[in-house]
Undergrad: 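Let me give you the structure first, and then I'll get to my questions.
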Protein chains: 2
Amino acid sequence: MKYFLNPPIADWNQLIKRPSLSYADIESVVKEVIEKVKKNGDKALIDYALQFDKVSLHSLWVSEIEIEIAISQVSTELKNAITQAFKNINLFHQSQKEEVKKIQTLSGVTCWRESKAIDKVGLYVPGGTAPLFSTVLMLGVPASIAQCKEIILASPPNAKGEIHPAIIYAASLCGIKKIFKSGGAQAIAAMAFGTESIPSVYKIFGPGNPYVTAAKQFVQKESLSIDMPAGPSEVLLIADERANPEFVAADLLSQAEHGVDSQVILLTNDAKFWDKLQPVLQAQLHALPRKNIAEKALDNSKVILFHTWDEIMAFSNLYAPEHLIIQTQNYEELASKVSNAGSVFLGDYTPEAAGDYASGTNHTLPTGGYARAYSGVSLDSFFKKITFQHISKTGIENLGDTIEIMAENELLDAHKNAVRVRRL
Amino acid sequence: MKYFLNPPIADWNQLIKRPSLSYADIESVVKEVIEKVKKNGDKALIDYALQFDKVSLHSLWVSEIEIEIAISQVSTELKNAITQAFKNINLFHQSQKEEVKKIQTLSGVTCWRESKAIDKVGLYVPGGTAPLFSTVLMLGVPASIAQCKEIILASPPNAKGEIHPAIIYAASLCGIKKIFKSGGAQAIAAMAFGTESIPSVYKIFGPGNPYVTAAKQFVQKESLSIDMPAGPSEVLLIADERANPEFVAADLLSQAEHGVDSQVILLTNDAKFWDKLQPVLQAQLHALPRKNIAEKALDNSKVILFHTWDEIMAFSNLYAPEHLIIQTQNYEELASKVSNAGSVFLGDYTPEAAGDYASGTNHTLPTGGYARAYSGVSLDSFFKKITFQHISKTGIENLGDTIEIMAENELLDAHKNAVRVRRL
């Protein structure tokens, strides 16, 4: 980790920089993949599975029997853990439901909003080194609470043509029965435009590699919606002199192990903290199976000493971290000053790992500074909020002059006339 | 208008098609504009104002004196109308505030969400033929309720270097003091990346021509957020045999007058409705100042007769109109079946014009089918919802096994360790 001592504000914009991701190279690849899927449908997906996943697929779908077998393969211990996480995530996302409030803005003029599920959603779950069944819960739980009519899940198969049993188990807990075997940009294209066997959806969720991200950004321009742009994962941790170096080291490493491009930043007001932390960090690092990845991520990481809490919070808000951990005595006070972050973890016993898996909050969060203007995935992400209004004859009398005068001044006579004909 | 009689479902996908907007041509122009603004800052904006707005600007900002003069130029009648609209929009958007709900998902594990204003927002208000002061209210009111710290407004100046007084008056009602004179893709670029005098923002709102839309989509890829993709305005109106042809004609025309690319669709279950409507529509059309525009828009419009309400609602939901007007006896029943729409207008005395200006709902709504997955602008659009959590020592004991087992199975050992060190 690189150490910075009270850097002047002029340097902050440099310090908050993320590695710039250039999609220019992969955009043309992704466009080609999308065109092929549009043109050749299922066949394109099967061809790509052979090319990238090294598997010859007979069917793109996970069959009912495959689902049963997969569920039987998950250990009771893991099933119980996934079920507990499901319960907590479900409880927290259920609490995000909103009641309809009818507002009479003028006598006879009533306006309200109703949340309506997005009819058809697609959830993408990456394959790769780890089976991300936690992501299935984070997307599947709110989709099922919202009661989206069609929920499909895509994930790349392994060389045996299988999807990891824990992914299938988590999907089944969420009531998802349509799971298809496809990964990468081709899976995104299939969900966006449909193939013979895969229905098109209206919104696509889920993390992925740069090809997946580029494909999501591409289909967003064609009437589709996506959850958010995804980049490398990030944590910013704030520690004071009484923070436990064992806890801090473990939290930094749990971010660093995600990938070599993971972003890790530690802010402290304790001049001695870095000295206390270093040996603990090294010891923990060397015990990790993903040590090489974590080590490379840490090389690009920063420890910054600031003199005041104001500077610490100003820097954190400018950085806008995906995950913000506040391990200080005054965590409540600092929490009240958070303006930009994806998800915030308060106190000594609240590791990010809790929110990653099981406390109840969502782990699909804005990265790369998008937390300045984006929220993480929530129940809202699976709804549209549609406004409704009803105006009575008295209501249009009460509101009529206002509309007519405004319409006239915007030179929109037909708008004025739509009111006038109702007042004759 | 083209008349369709009970078209089979196989034809629906053709009938719901919007004119496809090709941004390919303008993307290169927009890229160049953005690069120039990034490189030359204020100078680029002043050059573009000369080129496109035919005005030589001394300052990009509307000064305090200019604001005072502009306000004095707005008639009392229009001021009163704008103020009434402001009050209604404010009342409805105030009602969208959410209380913080702390949820204990397990003993010692507490999760909640807090709405935090997006620090810096940019509101774009198009110039052109009509001064869209109503758009200022629709964006400025929720921005001010959310208490965004920095709210800037951009609008192209006229040939005298002025912005329309009513735009300035509406902005002042919303407490917006930073108004700058710039339009098109260059204004979007300035708000996205900043210039010497214009601060960069985190999210950009507002309608505009295809250049503005392309610029917004471009900056969205560079860590910025935008309200939504914008296309030509749309209405779908559902009328039964007792609907008043005068009201229906006026509502269709108030959509048609927006532009030649406006989308107008009428659905009815009354075989005689089109015959009743035609003469009324013609008579109203010929009295309009924007007759030529409305006439062209109507040429591309559709009247569709269906036999059943189920078909009517299925078609409407597949089309996903920006505005949906339901002028039928059973409007409450039909309203309960709406799954895709931007904003819904119920009953005979609820013209779309009410929501366009003054009833309280927002008029910045998803077009082009985006209503299948996007909501219109609301107070939410100016907030991020940040999740917070606090876990006690008992809490991490209660949740610990679940996290450790899940982390282990996702092969993320450092995640497991972050819990383990807290349970030693």
Side-chain angles (χ1 to χ4, degrees), chain A residues 78 81 84 88 91-92 95 101 103 105 109 111 116 118 130 202-203 223 225 246 250-251 253-254 257 288-289 339 341 343-344 346-347 349-351 353 357-361 369 372-373 375 384-391 393 396 402-403 405-406 409-411 413-415 417-418 421-422, chain B residues 78 81 84 88 91-92 95 101 103 105 109 111 116 118 130 202-203 223 225 246 250-251 253-254 257 288-289 339 341 343-344 346-347 349-351 353 357-361 369 372-373 375 384-391 393 396 402-403 405-406 409-411 413-415 417-418 421-422:
Chain A
L78 182 55
Q84 179 65 58
N88 295 349
L91 191 62
F92 186 59
S95 79
K101 286 185 264 185
I103 305 295
T105 52
V109 180
C111 305
K116 303 273 184 179
I118 297 174
Y202 297 151
K203 187 168 184 177
S223 283
S225 176
E246 290 284 350
D251 291 346
L253 288 170
S254 73
E257 78 171 338
L288 287 180
S339 62
S343 195
V344 186
L346 300 172
Y349 292 93
T350 316
Y357 287 111
S359 60
T361 58
R372 291 169 200 133
S375 309
K384 298 97 50 182
K385 291 189 185 165
I386 303 179
T387 47
F388 288 79
Q389 60 200 286
H390 177 266
I391 303 180
K393 194 153 181 3
I396 200 70
T402 296
I403 304 170
I405 292 162
M406 289 177 78
N409 278 278
E410 283 196 358
L411 313 177
D413 249 62
H415 282 64
N417 195 48
V421 294
R422 288 170 162 91
Chain B
L78 182 55
Q84 181 64 58
N88 295 350
L91 192 60
F92 186 59
S95 79
K101 286 186 264 185
I103 305 295
T105 51
V109 180
C111 305
K116 302 274 183 176
I118 297 174
Y202 296 152
K203 187 168 184 177
S223 282
S225 176
E246 290 285 349
D251 291 347
L253 288 169
S254 73
E257 77 171 339
L288 287 181
S339 62
S343 196
V344 186
L346 300 172
Y349 292 93
T350 315
Y357 287 113
S359 60
T361 58
R372 293 171 200 132
S375 310
K384 298 99 48 182
K385 292 190 182 163
I386 303 179
T387 47
F388 288 80
Q389 61 200 285
H390 177 266
I391 302 179
K393 194 154 181 0
I396 201 70
T402 297
I403 304 170
I405 292 162
M406 290 177 78
N409 278 278
E410 284 197 357
L411 313 179
D413 249 63
H415 283 65
N417 194 47
V421 294
R422 287 168 163 94

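Sequence lines set the chain letters: A, B, ... in the order given, protein chains first and strands last, and positions in each chain run from 1.
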Undergrad: Name all residues meeting the salt bridge (Lys or Arg N to Asp or Glu O under 4.0 Å) criterion together with B:Lys385; count only those two or more places apart in sequence or in a different chain, and write none if there are none.
TA: A:Asp380, B:Glu98, B:Asp380
Undergrad: Do A:Thr402 and B:Tyr357 come close enough that some side-chain heavy atom pair is under 4.5 Å?
TA: no
Undergrad: A:Arg372: what forms a salt bridge (Lys or Arg N to Asp or Glu O under 4.0 Å) with it, not counting sequence neighbours?
TA: none
Undergrad: So for B:Val109, is it side chain, backbone, both, or neither that comes closer than 4.5 Å to the heavy atoms of chain A?
TA: side chain
Undergrad: As an exercise: rank B:Asn88, B:Asp251, B:Leu91 by heavy-atom pairs under 4.5 Å with chain A and give me the winner.
TA: B:Asn88
Undergrad: Report the option among B:Gly360, B:Cys111, B:Ala353 that has the most heavy-atom pairs separated by less than 4.5 Å from atoms of chain A.
TA: B:Cys111
Undergrad: Return the minimal non-hydrogen interatomic distance between A:Thr387 and B:Phe92, and the atom names on each side.
TA: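 Looks like CG2-CE2, 4.0 Å.
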Undergrad: What residue in B:Leu253, B:Leu78, B:Asn417 has the most heavy-atom pairs under 4.5 Å with chain A?
TA: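 That would be B:Leu78.
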Undergrad: For the residue pair B:Ile396 and B:Arg422, what are the closest heavy atoms and their distance?
TA: CG2-O, 4.4 Å
Undergrad: Does the B:Glu246 side chain pair with the main chain of A:Val421, one donor and one acceptor, at a distance under 3.5 Å?
TA: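 Judged by distance alone, no pair lies under 3.5 Å.
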Undergrad: Give, as side chain, backbone, both or neither, the part of B:Lys384 having an atom under 4.5 angstrom from any heavy atom of chain A.
TA: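 Interface part for B:Lys384: both.
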Undergrad: Could you check which of A:Ala250, A:Ala373, A:Ala418 has the highest count of heavy-atom pairs closer than 4.5 Å to chain B?
TA: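 Result: the option with the highest number of such pairs is A:Ala373.
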Undergrad: B:Leu288 versus chain A, heavy atoms under 4.5 Å apart: side chain, backbone, both or neither?
TA: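 When you check distances to chain A, only side chain atoms of B:Leu288 fall under 4.5 Å.
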Undergrad: Could you have a look at B:Ala414, B:Pro289, B:Gly347 and say which one has the most heavy-atom pairs with chain A under 4.5 angstrom?
TA: B:Ala414
Undergrad: Taking all non-hydrogen atoms of both residues into account, name the closest pair between A:Ser359 and B:Thr105 and its distance.
TA: O-OG1, 2.7 Å
Undergrad: Please classify the contact between B:Ile103 and chain A as side chain, backbone, both or neither, with a heavy-atom cut-off of under 4.5 Å.
TA: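 The side chain, not the backbone.
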